Amino acid sequence: MRKRSPGLDESLLTHLPPFSRLERHQIRAILDQATSRRHDVGVHIFDEGAEADRFYLLLDGYIRVVRITPTGDQVVALHIPPGQLFGIAQALGRDRYPATAITAAEALTLSWPMRLWTPFVSEYDGFASETYATVGNRIGEMNTRLVEMATQAVEQRVANALLRLVNQTGRRVDDGIEIDFPITRQDLSEMTGTTLHTVSRLLSAWERDGLVRSARKRITVTDAHALVLRSQGSAAPDDTVTPPR
DNA sequence: ACATTAAAGTCGA
DNA sequence: TCGACTTTAATGT
């Protein structure tokens, strides 16, 4: 199941930001300490609150980072695309995972024991600065989502969530950009703090207007520009003043 | 403007 | 065929 990975090619890591400044023999050493693993879709790689014993690099697939409330409601915090580290509790000064990581699509990961985190940071040039940069980006994204939640109407939030997804995980297809992993109305509602019904109605309306095309678990944005307009909203929120033209 | 409830339709394993 | 997913409409706040 889980296997040692001396057979992995160094080129797997050479282009990725955390490792891009390293020598070949350094990457070899890193790979030799890694465990590689394939995960089916929908499995928990680690759970919120569990002891953070390993950190991970996503080679392929997608990870959904989720928090679960006592009543069982899920909130999707963010999605991790291939090439990024996750489960890096140590970088945040934690010894337990702050959220749950679930595969959004079949995934391939490398992982290392968390005790290697400190040596990696001190020995490998650029590792720390690059990983803190991605941590910063994630915090920035969560930050803008916080503002969206507080100020924007549901249609704008869902439009923004969709746009982020196509930007981060979109794949070009003939008639637009498709989200690269299966995603349901429920998932989208959990990302935007609304219900699956509202998401369904919005997607139906957008499909009628030719902005998106969707089948079950598949969403393609066919007119990103028009969707950007929806994400900015035409109607002003209750207590804001609409500036004159 | 949006959630909730209810019902029914559709798709895939 | 069954359950997961989706849609639609009616009604509530």
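Values in this document were obtained by computation on a predicted structure and should not be read as measured data.
Both A:Val228 and A:Val154 are part of a single hydrophobic cluster, where members link through side-chain heavy atoms under 4.5 Å apart. Two different hydrophobic clusters hold A:Val76 and A:Ile80 under the rule that ILVMFWY side chains link at heavy-atom gaps under 4.5 Å.
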Extract all donor-acceptor atom pairs below 3.5 Å that involve side chains of residues 116-123 of chain A and protein atoms in other chains or at least two apart in sequence.
unit_1: A:Ser122; atom_1: OG; unit_2: A:Thr118; atom_2: O; d: 3.1
unit_1: A:Ser122; atom_1: OG; unit_2: A:Pro119; atom_2: O; d: 3.2

Output side-chain donor-acceptor pairs under 3.5 Å for residues 90-98 of chain A, partner residues at least two apart or in another chain, one line each.
unit_1: A:Arg96; atom_1: NH1; unit_2: A:Gly49; atom_2: O; d: 2.7
unit_1: A:Tyr97; atom_1: OH; unit_2: A:Arg54; atom_2: N; d: 3.2
unit_1: A:Tyr97; atom_1: OH; unit_2: A:Arg54; atom_2: O; d: 2.5

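Judged by distance alone, the side chains of A:Ser214 and A:Arg185 do bring a donor and an acceptor atom under 3.5 Å apart. Judged by distance alone, the side chains of A:Asn137 and A:Thr134 never bring a donor and an acceptor atom under 3.5 Å apart. Side-chain contact check for A:Thr109 and A:His39: at least one donor-acceptor pair (N or O, by modelled atom type) lies under 3.5 Å. For the residue pair A:Thr192/A:Thr194, the side-chain donor-acceptor check at 3.5 Å is not satisfied. Judged purely by distance below 3.5 Å, without hydrogens or angles, the side chains of A:Ser11 and A:Thr14 never pair a donor atom with an acceptor atom.
Atom P of nucleotide B:dT4 and atom CG of A:Leu196 are separated by 11 Å, given to the nearest angstrom. Here B:dC2 presents its C1' atom at 12 Å from CD of A:Glu155, a figure rounded to the nearest Å. In this structure, A:Gln156 places its CD atom 12 Å from C1' of B:dA1, rounding to the nearest Å.
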Exercise. Reading nucleotides 8-13 of chain C from the 5' end, what letters show protein touch, with B for base, S for backbone sugar-phosphate only, - for no heavy atom under 4.0 Å?
Worked result: BB----
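For the pair A:Arg171 and A:Val173, the minimum side-chain heavy-atom distance is below 4.5 Å. Under the 4.5 Å side-chain criterion, counting only non-hydrogen atoms from C-beta, A:Arg67 is not in contact with A:Thr100.
No salt bridge links A:Glu155 with A:Arg201; every basic N to acidic carboxylate O contact stays at or beyond 4.0 Å.
OP1 or OP2 of C:dC5 has not a single side-chain nitrogen or oxygen of A:Thr184 nearer than 4.0 Å. Contact annotation: A:Thr195 side-chain N/O to B:dA3 OP1/OP2 distance is under 4.0 Å.
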Anything under 3.5 Å between a protein N or O and an N or O of nucleotides 8-12 of chain B, put it in a table, one pair a line.
unit_1: B:dT10; atom_1: O2; unit_2: A:Arg216; atom_2: NH2; d: 3.2
unit_1: B:dC11; atom_1: O2; unit_2: A:Arg216; atom_2: NH1; d: 3.2

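Axis orientation changes by 10° from one end of the helix from B:dA1-C:dT13 to B:dA13-C:dT1 to the other, with each end axis drawn from 5 pairs and the value rounded to 10°.
Aromatic ring centres of A:Phe46 and A:Tyr56 lie closer together than 6.0 Å.
DNA chain C is contacted by A:Arg185 of residues 185-194 of chain A, taking any non-hydrogen atom closer than 4.0 Å.
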